[in-house]
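Here the structure is laid out as structure tokens; the discussion comes afterwards.
Bear in mind the structure is a predicted one, so any value in this text is a computation, not a measurement. Residue numbers begin at 1 in each chain, while the letters A, B, ... track the order of the sequences.
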Protein chains: 2
Amino acid sequence: MNSAPDLRDSATTAGNEPRERILSAAGREFAERGYESATVRDICLAAGVNVAAINYYFGDKQRLYIESVKHAHEQRAGQVPLPEWAAGTQPSRKLQDFIANFLERLLGFGQPPWEVRLMMREVLHPTDACRELVEDYVRPRFELLVSILDELVDGQLSQTELRQVALSIIGQCFLYRAAGDVVGMLVPREELESHHSLAPLADHVTSYALAALGETRPLVDARQRTIHVQEEASS
Amino acid sequence: MNSAPDLRDSATTAGNEPRERILSAAGREFAERGYESATVRDICLAAGVNVAAINYYFGDKQRLYIESVKHAHEQRAGQVPLPEWAAGTQPSRKLQDFIANFLERLLGFGQPPWEVRLMMREVLHPTDACRELVEDYVRPRFELLVSILDELVDGQLSQTELRQVALSIIGQCFLYRAAGDVVGMLVPREELESHHSLAPLADHVTSYALAALGETRPLVDARQRTIHVQEEASS
DNA sequence: TCCTCATTCAAACAGACGTTTCAATCGATT
DNA sequence: AATCGATTGAAACGTCTGTTTGAATGAGGA
């Protein structure tokens, strides 16, 4: 039972075993219940350590929380790295890849991992750990998206307009993660499974953006519809 | 064991003053700190009543919370009612009005009111009060939006596609309310004030949707850019 | 063997929490 | 004036919280 890892040269091995277990258990608890509702006793029970271990390894609950947010961020960042493209890749392809990657990161492969839920809590109700998270994690992705859009429209939109479009794209992806429960109430179950999984969502957001930017045909072919609109207007 | 007064019908007491004060103070407190962190002592201090009043009027903290969510919902619904249009109003105009109304409701006139922040908490981390909120408040607006879009594209998109577009629009509006702090970190301050207030946001989301649906010209004029794209493709 | 020292453990701490108690208060009715 | 029910008040209840204590443990080094 007693392991006593004793890994002084921590350069070779990644961290203390009980420390890692606490961080993992704390991340899950914080993601599930939030900072206030998660108790150190439950965390220690889940991690299989004594309550005193939290004081021993992290000092107090607050520092444990910040550490667990960072830990989740770093772990998740390694799981789904930013895509890289060969020089000359079509910007529309880059956009598609970026959106699919972003959604994959937000929604997870199967069901959304606790790391993302924990970070989402920070985004929605920022604490001290938030600004660091934004600078390290959010801003690079955001500026990559802006640069893709800039390349896509060949410099014909201002930085302000590019940021607006970028936020529109992010907002669409964001909704499914942040308000997924409500979306689930608004959309029929069979449609959820068929059209709101990762690939169809990425396709929709991408084609919606490409159509709005004039890179592809609109979602509705205007030539067919114009007739009806004119009929209506004449009536 | 004194039983609480008839809290369901306010026929006898038109506006129960302490009850109203508690609901208002509780809503603010829950919106600010969340359910767990908000304490009944602080609520009663803010409302200027004794702690026993909560047991007397609402039974316990949980029922107070549910009542305050409902109260916030009803109060906010009265502040910004759904727009109504004369028969024959252009659907694109309806869309513009709907989006402006939705944003106004989310973002508030000046700074976002606590009622919206409280409801947002329910949407992001649903409790028992959520489903009722969705059915009464969210679904009617969602289906109104879908019907506007249906009219706009003149029935050329399936209900599934219409719902996807509707969620795209809602997602864009939603981002500013739910993750407003993070948006504020990503966008320069002067741009926030000039382009992220209510009217410019509504214009952007509307024109983005209209362009994607082929109702108006794309945000970028394709005829100018196509030359460059073909040059790129040929290289 | 003994000592050192990092780590773990059960137990207890003080404080805050939601809730309950029961007497005091107030206004209207008798 | 007396009575009654509704409402308010101050204080206490038991429980749960984060944190701390001080002894016990066990593996290396002397």
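- For the ring-ring contact (aromatic ring centres under 6.0 Å, His included) condition, the pairs that include at least one residue of residues 180-203 of chain B, sequence neighbours left out, are Y176(B)-H196(B).
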Which pairs of donor and acceptor atoms, one on a side chain in residues 165-175 of chain B, lie under 3.5 Å apart (sequence neighbours left out)?
unit_1: S168(B); atom_1: OG; unit_2: Q172(A); atom_2: OE1; d: 2.8
unit_1: S168(B); atom_1: OG; unit_2: H204(A); atom_2: NE2; d: 2.7
unit_1: S168(B); atom_1: OG; unit_2: Q164(B); atom_2: O; d: 3.2
unit_1: Q172(B); atom_1: OE1; unit_2: S168(A); atom_2: OG; d: 2.8
unit_1: Q172(B); atom_1: NE2; unit_2: S168(B); atom_2: O; d: 3.2

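- Within residues 58-71 of chain A, no residue has a heavy atom under 4.0 Å from DNA chain C.
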Just list the side-chain donor-acceptor pairs under 3.5 Å for residues 129-136 of chain B, sequence neighbours left out, or say none.
unit_1: E135(B); atom_1: OE1; unit_2: R139(B); atom_2: NE; d: 2.9
unit_1: E135(B); atom_1: OE2; unit_2: R139(B); atom_2: NH2; d: 3.1

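- The stretch residues 22-35 of chain A has no heavy atom under 4.0 angstrom from DNA chain D at all.
- Between dT8(D) and Y57(B), a contact under 4.0 Å exists linking OP1 or OP2 to a side-chain N or O.
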Could I get a table of every N or O pair under 3.5 Å where one atom is in the protein and the other is in nucleotides 12-16 of chain C?
unit_1: dA12(C); atom_1: N6; unit_2: R41(A); atom_2: NH2; d: 3.4

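- A search for side chain to side chain contact (heavy atoms under 4.5 Å, CB included) contacts involving P140(A) returns nothing, not counting sequence neighbours.
- Atom C1' of nucleotide dT19(C) and atom CD1 of I54(B) are separated by 10 Å, given to the nearest angstrom.
- Contact between the side-chain N/O atoms of N55(A) and the OP1/OP2 oxygens of dT20(D) is found at a separation under 4.0 Å.
- P83(A) pairs by the side chain to side chain contact (heavy atoms under 4.5 Å, CB included) definition with W85(A), N101(A), not counting sequence neighbours.
- What separates CG of N50(A) from P of dG22(D) is a distance of 16 Å, to the nearest Å.
- Among residues two or more places apart in sequence or in another chain, the side chain to side chain donor-acceptor pair (under 3.5 Å) test is passed with K61(B) by none.
- Pairs engaging residues 114-150 of chain B under the ring-ring contact (aromatic ring centres under 6.0 Å, His included) rule: H73(B)-Y137(B) [sequence neighbours left out].
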Do any side-chain atoms of residues 38-48 of chain B form donor-acceptor pairs under 3.5 angstrom with protein atoms, and if so which ones, sequence neighbours left out?
unit_1: T39(B); atom_1: OG1; unit_2: D42(B); atom_2: N; d: 3.1
unit_1: T39(B); atom_1: OG1; unit_2: D42(B); atom_2: OD2; d: 3.2

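- Residues meeting the salt bridge (charged side-chain N to carboxylate O under 4.0 Å, His left out) test with R105(A), sequence neighbours left out: none.
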